[in-house]
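Comments concern the structure below.
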Amino acid sequence: MTLPAWMPTVVEAVYFIAAVLFIWGLKRMSSPRTARRGIVWAGIGMAAAILVTFLLPGLHNLVPMAIAIVAGVALSWWVGRRVAMTAMPQMVALFNGMGGGAAAAIGAVELIRFNRRFLAIPDTFPIQPEAWVAQTTVHLGAVELSLAFLGVLIGAISFTGSLIAFAKLQGWMDRRFVFPLQRWINLAIFAGAMVCGVLALIAGVEGHPFAWGLLIGFVVLSLVFGIAMTLPIGGADMPVVISMYNAFTGLAVAFEGFVLQNEAMIIAGMVVGAAGTLLTQLMAKAMNRSLANVLFGNFGGGGGEAQEIGGSMKPIDAADAAVMMAYAERVAIVPGYGMAVAQAQHKIWEFAKLLIDRGVKVKFAIYPVAGRMPGHMNVLLAEAGVPYDLIADMDDINPEFPNTDVALVIGANDVVNPEARTDPNSPIYGMPILDVAAAKNVIVIKRGRGKGFAGIENALFYADNARMLYGDGQAAANELIQGLKTLDT
Amino acid sequence: MIAGFLALYIFMLAAFTGYEIIARVPVILHTPLMSGSNFVHGIVLVGAMVALGHAGTPAEVTIGVIAVLLSAGNVAGGYVVTERMLEMFKTSKTTQGEKK
């Protein structure tokens, strides 16, 4: 197939437009009103970039390429259409891991091609003899080689690490794997990968046959390190980890983009790398942890004796709770992941609508990392039909709690625990919280008397203005709705 | 051909762009944002196609096909999931409009 000489320019131009559309699409995510249109435009840019790549001169293996694209797209499309909104975090982890693996694989192919340049080429090779010609044009300098190497390392870690994160969030791997000297073993694996990689580069430059074995060792150790690094991290910290791997994949893509001289990959990868880094920081901050602590620390270890909590838990029944909210002026609903687990979001929204119809001002107060990913709770509420202008985030709602008549807490625990402000010995001390305790009345829907995710007693439940409504989230919400309906008849 | 400092400038400017854009995204959109940026790095498919397109030995072709398969999954999955989430975000006005 011969293509006109201006074809590469067209391809470059389309890549440029795609890069513009990516940035523009992400920018439109600054408002829920424009976000959807933004992602559609980014999608158009992506489709154009992919299609136009077929026009690049000198590409071989087009048939397996097309088959692989169709298979990958079809499979992911099918899964992505069906997955439940509660399972979104692990889906993001899975898709992200695929991208990281792809970046690592590209780097590996480039390094193999580089190593191969000294070898005699067998004439009997069946696939595409003219492909050998293409490889003579490859010239990787020191910078390209180093970036290819880094891309493989980071991409491979992101690949296996994301898969472990996926397995943990999916519930296939409940335990944290912790054993003695783990940090040192992980460090040794990482050092081994680095040494193998650097030696592979040196041997490759000199055309030494050892380069092959070293290259394989490098890739395998990088993959193993991704697993080893993620195994000891608990499920609660997975959002931070996924976001970090997202940034990793972005960086790996940018590096491999440099190796392949592809500006669209450099720009898109770098934008994602920076964005992911920022998100990771925001998340770690919202969880009151440093990134290093998430990766290498153990939660809840150390610390002094927790303060004794005075008072007792005071129960309330659903009918009384419904009356209390029906005659309130302002009600704040504080949902946590427990609500989503109980699938109670639809019932809670139904209840909130009844309150709104009675003239009560209802707001949903959301903790930044509620759910299993930042913003996950917003997605779950949006799915239930809650309009986003009724949803307030922590900084906006906290000053309003003293004027709130009733705060209804459902499925949230640690993020409303006032000890984060009052008890310096508490493991969550200093963590920003929703200041629910400042509301005039607090109603907590809770399954039983157990502790929260972090295993800490919650002083809020013992506060004078707090009442406990025991029961499963969905059942309790149903009873509240019934309570309101009997009021009207 | 991009080389040396020019590439460094591209890296730097793209990093700042990403940081600045994302800093303005409200918390309520952080999950779609994460999956949206996940979709954007699906551009790796283009690189995978180039790598496979230049692959010669069976080992290279195999790894290249894996790269294309994985990145095609990344790009399609990232898009579908992001679009599905963003589609659900509605204001009170639009939801009331649907009722009438």
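Contacts of A/Ser31 with chain B are made by backbone atoms alone, with heavy-atom separations under 4.5 Å and no side-chain atom involved. Within the 4.5 angstrom heavy-atom criterion, no atom of A/Val259 approaches chain B. For a residue to count as touching a neighbouring chain, one of its non-hydrogen atoms must lie under 4.5 Å from one of that chain's; by this rule A/Leu75 does not touch chain B. If you measure heavy-atom distances from B/Leu52 to chain A, the contacts under 4.5 Å come from both the backbone and the side chain. With a 4.5 angstrom heavy-atom cutoff, A/Met283 touches chain B only via side-chain atoms. Contacts of B/Ile22 with chain A are made by both backbone and side-chain atoms, with heavy-atom separations under 4.5 Å. For chain B, the nearby part of A/Arg82 is the backbone; its heavy atoms alone come within less than 4.5 Å. Both the backbone and the side chain of A/Leu278 come within contact range of chain B, each with at least one heavy atom under 4.5 Å from a heavy atom of that chain. If you measure heavy-atom distances from A/Val70 to chain B, you find no contacts under 4.5 Å at all. With a 4.5 Å cut-off on non-hydrogen atoms, A/Asp393 touches chain B through its side chain but not through its backbone. When heavy atoms are compared at a cutoff of 4.5 Å, B/Val75 approaches chain A solely by way of its side chain, counted from C-beta outward.
Between chain A and the residues B/Thr17, B/Val68, B/Val46, the most heavy-atom pairs under 4.5 angstrom are made by B/Val46. For chain A, the option among B/Leu45, B/Leu13, B/Ile66 with the highest count of heavy-atom pairs below 4.5 Å is B/Leu45.
At a threshold of 4.5 Å between non-hydrogen side-chain atoms, the residues A/Met29 and B/Thr82 count as touching. Proximity of A/Val379 to B/Ile28: side-chain heavy atoms (C-beta onward) are nowhere separated by under 4.5 Å.
Checking A/Asn96 against B/His41 by side-chain atom types alone, a donor-acceptor pair falls below 3.5 Å.
Legend: salt bridge (charged side-chain N to carboxylate O under 4.0 Å, His left out) pairs involving residues 20-39 of chain B, not counting sequence neighbours, sorted by first then second residue: B/Glu20-B/Arg24.
Heavy atoms only, all atoms of each residue included: B/Leu70 and A/Phe159 are closest at CD1-CE1, 4.2 Å.
Residues passing the side chain to side chain donor-acceptor pair (under 3.5 Å) test with A/Asn378: none are found, sequence neighbours excluded.
Ring geometry for B/Tyr79 against A/Trp77 counts as parallel: the plane angle stays under 30°, on a 0 to 90° scale with 60° as the upper cut.
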